[in-house]
Amino acid sequence: MTDQQTLPARQDGTQAPPLRVLICDEMNPGDLNHEGFQVDYEGNLDRAETLRRLPEYDALITRSRTRVDRELIDAAGPRLKVIGRGGVGVDNIDLDYASLKGLLVLNAPESNNVSAAELAVMHLMAAARGLTRSDRKTRAGDWDRKFLGLELKDRTLGIVGLGRIGSIVADRAQGLRMRVIAFDPYVPDSKFGRLDVERAATLDELLDRADFLTVHTPLTDETRGMIGARELARLHKDAVVVNAARGGIIDEAALVGALESGHLFAAGVDVFVDEPPAPDHLFLHAPNLGITAHLGANTREAQERVGAEIVSRVLDALHGDVSKGAVNAPALDPKTLEQLGGYLQLGEKLGRILAQLLPAAQDVQVTFRGEFPTDPTPVVTSVLVGYLQGSTEDHPNMINARALAKERGLNVGVREEPDSPDYVSEVVVSVSRRVQENGQDRTRTRTVGGTVFGRRPRLTRLRDYRVEVEPEGYILIASNQDKPGAVAKLSNLLGTWGVNIAGMALGRAEKGGQALFTLTLDDNLTPEQLQAIRDLDVIDSAYLVKG
């Protein structure tokens, strides 16, 4: 803050004191002079001093070093309004407690994209040419010129996750004259076309065709361990594998096993499940494996961008603009939360179920039927939060969900109908995607609906069928011809696997026609078990979703 800067004036003509921001971790924050703000840079401020000084500030900016836990949040007192985290992760911040205290948490994930993508490409090239192997042998006095590496030109690169970083990797790989194919069920066809990347319909299709494999997807329950021994075995002999995204997406033991057996030519990793790794970690002694210490974001350019970007976002947030980088949602006012709480939960669950039934939709239609206790518009946002969860590197919430949907190319429509034939109020959500089947353009649509009993969400509609299901746990949705024996046959099969049925709901369009039933299960099913259900002669289709 310079003496020449002019502070905003109060109504009585006196100058208002500046809003104060404390940066307590090392970063390159750029210009610290901003009108109306006092930004204090104290890199590597120790915890005791941070606790002592924080009550004097309106915002706190950290990297990963400082733990923003309950103790620190409570010590901050009522003045603190915003917490900024430079970079992507927010593991060092107690998000739930920050939200409970009404604190807005921001990050700056885009700043690292180019650096992270370039590191992945570096690992691809280093693995292909045996850089780690040659470096080790040369230092040991072994001048080995017989080793033959691989060219990237005309090879097929398989990318899992075509988000921001995966898209940059695709662009760089095309510059190296590689063929690029990607698997990402949450990205619309239009993005594949814009990037000139071929779409793999399934992960197995990608693995069967890839010479090189790199993963760029968030770590979720769905993606944890998604590349295991079975998946690695599907890759071509002498394939190259890289993980510069998150530890655990590729099973660590399976990767080492594929290297030791000679099935993989080489691999590169920038991430571990547990960081830093223990001295006896299996990666440290694996053959033909290049390792970096989670350096994806560590370039001078990225650090300059991330520091300046998070400062800019925090200052904007203190002035009321929370459109960029919000990680958690601000609390709704108590009256709205009291009136719409159950419907907000319902909307998020409907969105999450539809993301599993039809990912990469192009259109979302939300219909409100009947009477609601107040304006139900926030429920549209909660639907988008549920639909986008797990499909983006960002954290969808009530602040950023609409912006993320727009970036994804989702068209969102809202309709209100005064009457609800079966319930006082009902929310019906449809998602659709245009596809090509047998050379013809078709529109694939999935529809779910629900209501709130008390404050508990209930599913009331699946496609054109009426059901009544609590959207909790694992829900098996099966369709069949309305004939005796289908449910019993399926139940017996589940029993042989030791899978318990917690609840059941039946629905049909007409007697003897197509019927639909849902089974709420205590346990998840493996892909093989789900396929066995689909193979039953009494089942027409079967899907498993998590409520």
Side-chain angles (χ1 to χ4, degrees), residues 1-8 10 14-109 111 275-276 297-298 303-322 324-331 395 399:
M1 183 73 189
T2 62
D3 293 337
Q4 288 76 27
Q5 287 178 311
T6 302
L7 296 176
R10 293 191 177 105
T14 62
Q15 290 182 337
L19 294 168
R20 300 188 67 193
V21 179
L22 174 64
I23 304 174
C24 64
D25 285 350
E26 275 194 357
M27 65 178 66
N28 186 339
D31 183 9
L32 298 181
N33 295 315
H34 300 273
E35 185 175 345
F37 295 95
Q38 177 184 326
V39 182
D40 295 333
Y41 176 64
E42 303 285 354
N44 286 328
L45 192 66
D46 69 55
R47 186 172 180 85
E49 189 66 6
T50 303
L51 290 169
R52 185 186 71 81
R53 294 180 57 178
L54 195 54
E56 304 168 7
Y57 288 88
D58 302 280
L60 173 71
I61 296 177
T62 76
R63 291 302 304 269
S64 58
R65 182 186 68 93
T66 298
R67 288 182 296 106
V68 185
D69 52 16
R70 287 187 174 224
E71 179 189 33
L72 189 144
I73 291 171
D74 285 340
R79 180 167 177 174
L80 189 70
K81 299 294 185 295
V82 179
I83 299 169
R85 163 65 163 89
V88 180
V90 288
D91 298 342
N92 60 313
I93 300 174
D94 189 333
L95 281 178
D96 290 337
Y97 196 62
S99 300
L100 183 67
K101 291 295 185 178
L103 298 174
L104 179 67
V105 179
L106 309 169
N107 68 353
S111 306
E275 296 181 356
N298 287 22
Q303 295 310 302
E304 290 173 0
R305 284 194 299 267
V306 75
E309 186 64 29
I310 193 59
V311 169
S312 173
R313 291 182 177 187
V314 166
L315 301 189
D316 285 346
L318 288 173
H319 272 168
D321 180 0
V322 296
K324 293 182 180 179
V327 176
N328 65 337
H395 300 267
I399 301 172

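As a basis for the values below, the full set of heavy atoms in this structure was taken, side chains included, without hydrogen atoms, waters or symmetry mates.
With Asn328 contributing its side chain and Leu103 its backbone, the two residues share a donor-acceptor pair below 3.5 Å. The main-chain N or O of Asn107 is found under 3.5 Å from a side-chain atom of Arg313 such that the two form a donor-acceptor pair. At distances below 3.5 Å, at least one donor-acceptor pair connects side-chain atoms of Asn92 with backbone N or O atoms of Arg63. When atom types are taken as modelled, the side chain of Arg305 and the backbone of Ser111 share a donor-acceptor pair closer than 3.5 angstrom.
The shortest heavy-atom contact between Pro29 and Tyr41 is CG-CD1, 4.1 Å. Closest approach of Cys24 and Thr66 over heavy atoms only: SG-OG1, 3.4 Å.
Remark: Asp58 pairs with Arg79 by the side chain to side chain donor-acceptor pair (under 3.5 Å) rule, at least two apart or across chains. Considering only residues two or more places apart in sequence or on other chains, Ala297 meets the side chain to side chain contact (heavy atoms under 4.5 Å, CB included) condition with Asn112, Gln303.
Checking each of Thr62, Val306, Ile61 against Met27 for a side-chain contact (heavy atoms from CB on, under 4.5 Å) leaves exactly one that passes, namely Ile61. Of the residues Ile73, Leu54, Leu22, the one that meets the side-chain contact (heavy atoms from CB on, under 4.5 Å) test with Leu80 is Leu54.
At a threshold of 4.5 Å between non-hydrogen side-chain atoms, the residues Arg53 and Leu45 count as touching. At least one side-chain heavy atom of Leu72 sits under 4.5 Å from a side-chain heavy atom of Arg47. In this structure the side chain of Ile93 reaches within 4.5 angstrom of the side chain of Arg85, judged on heavy atoms. Between Glu42 and Glu49, every side-chain heavy-atom pair lies at or beyond the 4.5 Å cut-off. Here the side chains of Val311 and Val21 are not in contact, with every heavy-atom distance at 4.5 Å or above.
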